Every structure is written in C-alpha cells, then in structure tokens.
There are 2 protein chains.
Amino acid sequence: MTEKDTEQKILDAAQDIFVRKGLDGTRMHEIAEQAGINKALLHYYFRTKEKLFLKVFSLAFPKILPRTMEIFDSDMPFLEKMEHFIDRYISLIGSNQALPLFVISELAKNPDKIVGIMKEAHRNMEFDLIERIKQDVAEEIRQGRIIDIDHRQLFVNVLSLCVFPFIGRPVITYMGFDNDRKEYEKFLKTRKKQVYEFVVRSITP
Amino acid sequence: MTEKDTEQKILDAAQDIFVRKGLDGTRMHEIAEQAGINKALLHYYFRTKEKLFLKVFSLAFPKILPRTMEIFDSDMPFLEKMEHFIDRYISLIGSNQALPLFVISELAKNPDKIVGIMKEAHRNMEFDLIERIKQDVAEEIRQGRIIDIDHRQLFVNVLSLCVFPFIGRPVITYMGFDNDRKEYEKFLKTRKKQVYEFVVRSITP
DNA sequence: GTCTATAATGTGATAGAC
DNA sequence: GTCTATCACATTATAGAC
C-alpha cells in the first residue's frame, strides 16, 4: 500500500460521507471504517476533521458548475452555448446528485470557513464568466436574436431550471408526484430538452 | 410564566437554531440559553432532541409552500393564479430565507425520520394540487391560451425559478455577482416580475 | 415547572509501540 | 506509515431537590 493509495482512499470515503451527512453529521471513525484504515491514520494524513473537510470541499466544488461554465468561453452561437451548457450541466448533476445540495448547505452554514476556497475557485477561472455572458447577451439583443433581458436574470433562470429539480427532489416528489420515485426518474430524463425549449421560447422574439 | 409561554419560547429558539445549523449542528444547551431557561427543561417539555426537532420541522414546513399552493384551488384565470402564486411564494420565502434550504437538506439527510410529517402535510391539503394543475393546464391548452406543455414540467419550472435564487444564494453571488451582496439584494427585488414574465413568454403561443 | 448536579456515552485528537 | 490504547472534553439525558 503506497502513501498515495491510502490518502486517496481516505478522500474517497470522506467525500462520500461528508456529501451525504454534512460536516456536522459525519463521524471520523465512520470515514476510517469505510476507508478500511484506522482512525488515527486520518489525523496523520489530515490533522483535523476540519482540514479534511475543507480538502474534500475544495475537490468537490469544482466538479460541476465551474467545469460547465467553460462552455461560455467559446465562439459558438449563443443559443448553441446555452444548449451545450444545459446538456452538460444536467449530465454532471445527474452523475453527482447529492453534490449541489452539499455545496450549498455547507456554504450556507459555514461561509467563513469556506470563503477562501470559493475565492480561489473564482480566481482559477480563466475568463470572466458573467462579463462574457453580459457581452454575449448584449450582442444577441443588438442583433435582434433574443429579446431584451437582463443577463443575470437569464443566468440565474437557467441555473435554477437545471439544478433545482435535483436539489428539491424530496419535496417535489411529495408535492407533485405523490412520492412516486419511478415517475420522477422519468421526469428528470426529459429535463434537458424541456429546459432548453422553455428557455428558448422565453427569450426568442 | 405560564406553561404555554415557556413552551413557545423553546419552540421559537429551537426553530431559529435548527433552521440555521441543522439537526446535527444544533446543541441543546444553545437552545436552552437562547430560550432563557435551563437545559433540563427542554427535556421536560420535549423529552428528546429528536422529538423537539420533529416538532419544529412539522411547524416550519407548512409555513411556505403548502400555504402558497392554496392559490391554485380557486377559480381565477390560470395566468392570474400563476401571477398570484409567484408573488406570494417569493414574498414568503423572502421573509423566511433560510427555511427552504433547511427543509430540503434535513429531508435529504433524514427521509425516514420525516416521512411521517410529509405524509400528514400531504393528507392535510384540502385538494389534489397536481390534479388541479393538470386540469387547469389541459383546459388552457384546449382553449389555445397556452402552448402544449407538460403540467409537471411547468410546475417544477415555476418552483425552481422562485426558490432557487434564495437557496443557491451563496454560490450564485460568487459565480455571478462577484460576491456583491448589495447587488444581489437588488436582483432579488425584481424577481417576482422577472419570473412571471419569463414564464408567461414561454407558455403563451 | 424549574433548577443543580451528574450520569452515560460519544467524539476528536494524541501518545507511543511497531 | 500504521496500529492500539487512551485522554480530554462535549453532549444528550436523567435524578432528585425545591
């Protein structure tokens, strides 16, 4: 067993448990058990629970949204960017369904602890996302290809339509699907197409 | 100090802390302190932390979504219902900004503990929400007033557009607002109008 | 109903052998 | 690097006086 292997096994177990149970709900011995090692070894590698958590968070956060946003940094036509973004974003969320809620709720509970990670993630973006979207939207409006709309409202609308069906799943299934999970799975499968069409209908003249 | 007063003080403190810190992040002594009473008294009134939590959850959950949904159980024109729903829903969320994330994340972490409360809330609804929306949408489509759209997709879209800007706030402010909170406050103030117009543009022929 | 004191257990973290 | 044993403290919950 090399050092790299053990560290990776810890991080895998830690991510799985932190994401499901949150910082406060996670026990160090549970991570150790799932990683197949001793509890003391966690501290040998990561010193404290908080440091381990921050490491996990910093690795987990960039897995979805930042990676998807790169799509806007290309010269595709705007609506094509939108289509690619929705497709890729929903795919990534679908493969990591618990991640968005984890990121949001831990960030809400511990903004101070995590602010450093967010700042770094923001610095690491190789272009100014919101400025680029602003320019794109302005140009589309000027060309008459989309209606006059605030670029940030559009941005938040698209995010909301993509991610909330996954985050709000437990409530939605009760309120709108009689807690029928199979039915909700089918529903989620059609989201990419539905979201894209919903957005396009709303912004094309 | 009457019994009612003490119980209410406990519930007020418990809701405030549980909503901000979650079940796992909350300490009983913190609730006692904030309620201005002794720790043992919490157990006298609610026996265990879990029972207190479930009481708080069952009181908090109906405060927003179920209360707003009643709007669909009226004979207003459909688009007017929609406008009222968006207006009222966003108002309630704005007055209880941490509640939706609390409900969703606790439900995700402890579905088994809370399932009873959800079932009861569902039973207590005095009409079949999703069936009513289905009928309304079908009739609107038949009359040619809105385009052909799946009623549940529309339902989830509206929910998403209303609630996600509040839930996802910490992430959105970083990704799209350079962490400028004042700017985001202004943004939220315009949501009612923006969401309604976005939805209407998308569903009217 | 309300308090103080304390029990019973859980949890993060470290010491020290190998 | 990895383990066992253990410390130091926090936390839920209860006992019992008032």
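All values derive from a computational prediction rather than experimental measurement. The chains referred to below are lettered A, B, ... by the order of the sequence lines, with proteins before strands, and numbering in each begins at 1.
- Note on B/His43: every side-chain N or O is 4.0 Å or more away from OP1 and OP2 of D/dT12.
- Taking a 4.0 Å limit (strictly below) on heavy-atom distances, residues 34-42 of chain A reaches DNA chain C at A/Lys39, A/Ala40.
- Rounded to an integer number of Å, the gap from OH of B/Tyr45 to P of D/dT12 is 20 Å.
- Put simply, CZ on A/Arg27 is 10 Å from P on D/dT11, counting in whole angstrom units.
- Atom NZ of A/Lys9 is separated from atom P of D/dG1 by 14 Å (rounded to the nearest Å).
- Taking atom OH of residue A/Tyr44 and atom P of nucleotide D/dA5, one finds them 21 Å apart after rounding to whole Å.
- The CG atom of B/Asp24 sits 16 Å away from the P atom of C/dG10 (whole-angstrom rounding).
- For residues 24-43 of chain A, the pairs satisfying salt bridge (Lys or Arg N to Asp or Glu O under 4.0 Å) are A/Lys21-A/Glu30, with sequence neighbours left out.
- In summary, A/Asp16 and A/Arg20 engage in a salt bridge, as defined by a charged side-chain N under 4.0 Å from a carboxylate O.
- Here the two rings, on B/Phe102 and B/Phe18, have centers that are 6.0 Å apart or farther.
- For the pair A/Lys49 NZ and C/dG10 P, the interatomic distance rounds to 16 Å; values are reported in whole Å.
- A/Ser202 contributes a side-chain N or O that, together with a main-chain N or O of B/Phe198, makes up a donor-acceptor pair within less than 3.5 Å.
- Checking B/Gln153 against B/Asn157 by side-chain atom types alone, no donor-acceptor pair falls below 3.5 Å.
- Summarising the geometry, the separation between CE on B/Met28 and P on C/dT9 is reported as 18 Å, rounded to the nearest angstrom.
- Regarding A/His29, its NE2 atom lies at a distance of 16 Å from the C1' atom of D/dT6, rounded to whole Å.
- Under 4.0 angstrom from either OP1 or OP2 of D/dG1 there lies no side-chain N or O belonging to A/Thr6.
- Sorted by first and then second residue, the salt bridge (Lys or Arg N to Asp or Glu O under 4.0 Å) pairs involving residues 74-96 of chain A (not counting sequence neighbours) are A/Lys81-A/Asp136, A/Asp87-A/Lys192.
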